[in-house]
Number of protein chains: 2
Amino acid sequence: MPTPDRPLRADAARNRASLLAAAEAEFAERGLAASVADIARRAGIGKGTVFRHFPTKEDLLAAVVLDRVDGLTALARRLATVADAGAALLEFLDAAASRQQQLDLSFLRDAGDLNDRLTESRGRLFEEITVLVERAQAAGALRADITATDVILLMCAPSHVVSFVPDAPPQLWRRYLGIIFDGLRPYGASPLPQPAPDAAPDPRLDQVGILPH
Amino acid sequence: MPTPDRPLRADAARNRASLLAAAEAEFAERGLAASVADIARRAGIGKGTVFRHFPTKEDLLAAVVLDRVDGLTALARRLATVADAGAALLEFLDAAASRQQQLDLSFLRDAGDLNDRLTESRGRLFEEITVLVERAQAAGALRADITATDVILLMCAPSHVVSFVPDAPPQLWRRYLGIIFDGLRPYGASPLPQPAPDAAPDPRLDQVGILPH
DNA sequence: GCCTAACCTGACCGCACGGTCCGTTTGATT
DNA sequence: AATCAAACGGACCGTGCGGTCAGGTTAGGC
């Protein structure tokens with residue numbers, strides 16, 4: 001990479017696109033256990049080409065995840081302008097869980113620190129969620145002791161819960177999102193036994209760790 | 001194994017015990033990625049000895065998990081006689097989450113069908129949880145549309161949620177158990193969008209799958 | 001149409017894993 | 001103390017992985 005951003009050659013761009021698609025599918029099916037060779041085969045390219053585009057399997061994973069995270073950020077930003085703040089938060093959680101359903105990110109816990117750009121993206125997502133949370137609280141739709149960190153952590157739960165049942169109906173996660181969201185409502189909430197983990201958005205965002213170790 | 005159950009030789013019994021302890025610790029730290037060689041080293045025995053006791057890595061894992069599951073079953077049975085049925089259920093969930101915290105079982109999703117004995121154990125646990133659930137509902141402490149399957153699925157959630165935060169305080173999981181349990185209360189519950197997955201205890205218990213694929 | 005840098009490929013390497021095997025050691029029994 | 005089946009241990013094997021590289025291929029400016 002002589003100049004930081006030279007336009008990609010046509011075939012290279014094509015390959016990169018199908019590589020990302022294949023990687024997404026393969027990671028979704030097999031998690032971290034997906035092998036680079038399988039991804040390459042699925043994309044119809046050689047294994048060496050994979051490593052030309054991404055020097056490491058982890059970098060490839062990071063690229064896939066980055067797409068997901070940025071997508072969620074964009075959605076959150078859009079939802080921040082919806083009138084009903086409570087409904088906006090619920091819709092965000094719904095979308096987040098739905099996408100996790102397609103690509104369960106929880107295996108990321110076991111992957112190192114991945115990319116730096118990914119850390120930034122996560123930070124942006126965090127900020128947008130903070131907006132949603134504060135608006136929902138101001139509207140009285142969300143209990144006051146919940147932080148953006150709580151939301152970012154809990155949004156992974158429904159798909160994970162469902163992942164234990166073998167032939168789950170495709171929308172089963174909605175059941176558990178419903179239960180959890182009921183737990184987030186101010187009505188009938190009981191005091192929480194533990195403080196939220198490091199909620200402040202500025203100082204140590206990395207604390208949140210969508211993907212840390 | 002000529003006779004089905006001959007008493008173990010003294011050294012063999014000792015080794016088996018330290019092997020199980022080492023396996024539990026190692027699986028807790030590294031999940032399915034724990035290697036048999038590491039477990040053997042930690043137990044202070046040779047690798048061959050491990051395979052003498054358990055013909056397969058999966059069998060070893062199954063033995064460790066069986067202990068856990070049976071422990072939970074015993075606890076549930078004890079709690080079934082407590083006067084306050086709502087508190088009993090909460091205490092069960094508390095204990096379950098706490099133990100998951102020490103040994104996150106969610107990696108089991110990616111392990112095959114494991115042992116048959118484990119399937120039986122899971123069935124017994126399921127039955128005991130059903131008792132707790134029905135008592136809690138009769139006492140008005142648990143919303144009526146919750147099944148034992150829901151409980152068994154949700155009891156894994158708090159520890160999983162917490163596993164994403166790097167240096168989590170040891171009791172942080174209680175925060176998320178609190179939120180989820182609030183969502184299970186009848187007070188202020190909103191209708192759930194999806195039916196529970198195959199709750200009936202008799203016909204196809206395997207549906208629940210603490211560990212299936 | 002030619003030239004070159006960018007790109008692609010698949011054989012190859014080193015490594016770590018699960019599992020096997022057989023020579024050695026050890027606990028029980030007499 | 002002698003005996004022997006039971007248990008041990010670690011060198012060994014095959015496999016599949018992430019990652020490298022030398023040599024062939026191609027896009028695209030001229």
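Order of the sequence lines fixes the chain letters, A, B, ..., with proteins taken first and strands second; residue numbering starts at 1 for each chain.
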### Query
Should S35(A) be listed as having a side-chain N or O under 4.0 Å from OP1 or OP2 of dG16(D)?
no

#### Entry: E26(A) CD - dC17(D) C1' separation (whole Å)
14 Å

### Query
In residues 39-50 of chain B, which ones come under 4.0 Å of DNA chain D, going by heavy atoms?
I45(B), G46(B), K47(B), G48(B), T49(B)

### Query
Between atom CZ in R9(B) and atom C1' in dT29(C), what is the gap in whole Å?
12 Å

### Message
Does a side-chain N or O of H53(B) approach OP1 or OP2 of dA7(D) to a distance below 4.0 Å, or not?
### Response
no

### Options dT26(D), dA5(D), dC8(C), nucleotide nearest the side-chain atoms of N15(A)
dC8(C)

### Message
Could you tell me how far apart R14(A) (CZ) and dA27(D) (C1') are, to the nearest whole angstrom?
### Response
10 Å

### Query
Within this structure, what is the CG-to-C1' distance between D59(B) and dG18(C), rounded to whole angstrom?
13 Å

### Task
Figure out the CG/P separation between D11(B) and dG9(D), and round it to whole Å.
9 Å

### Task
Using side-chain contact (heavy atoms from CB on, under 4.5 Å) as the criterion, list what pairs up with A21(B), not counting sequence neighbours.
none

### R52(B) side-chain N/O to dA7(D) phosphate OP1/OP2 under 4.0 Å
yes

### Query
Which sits closer to the 5' end of DNA chain C, F51(B) or L8(B), going by the nucleotide each is nearest to?
F51(B)

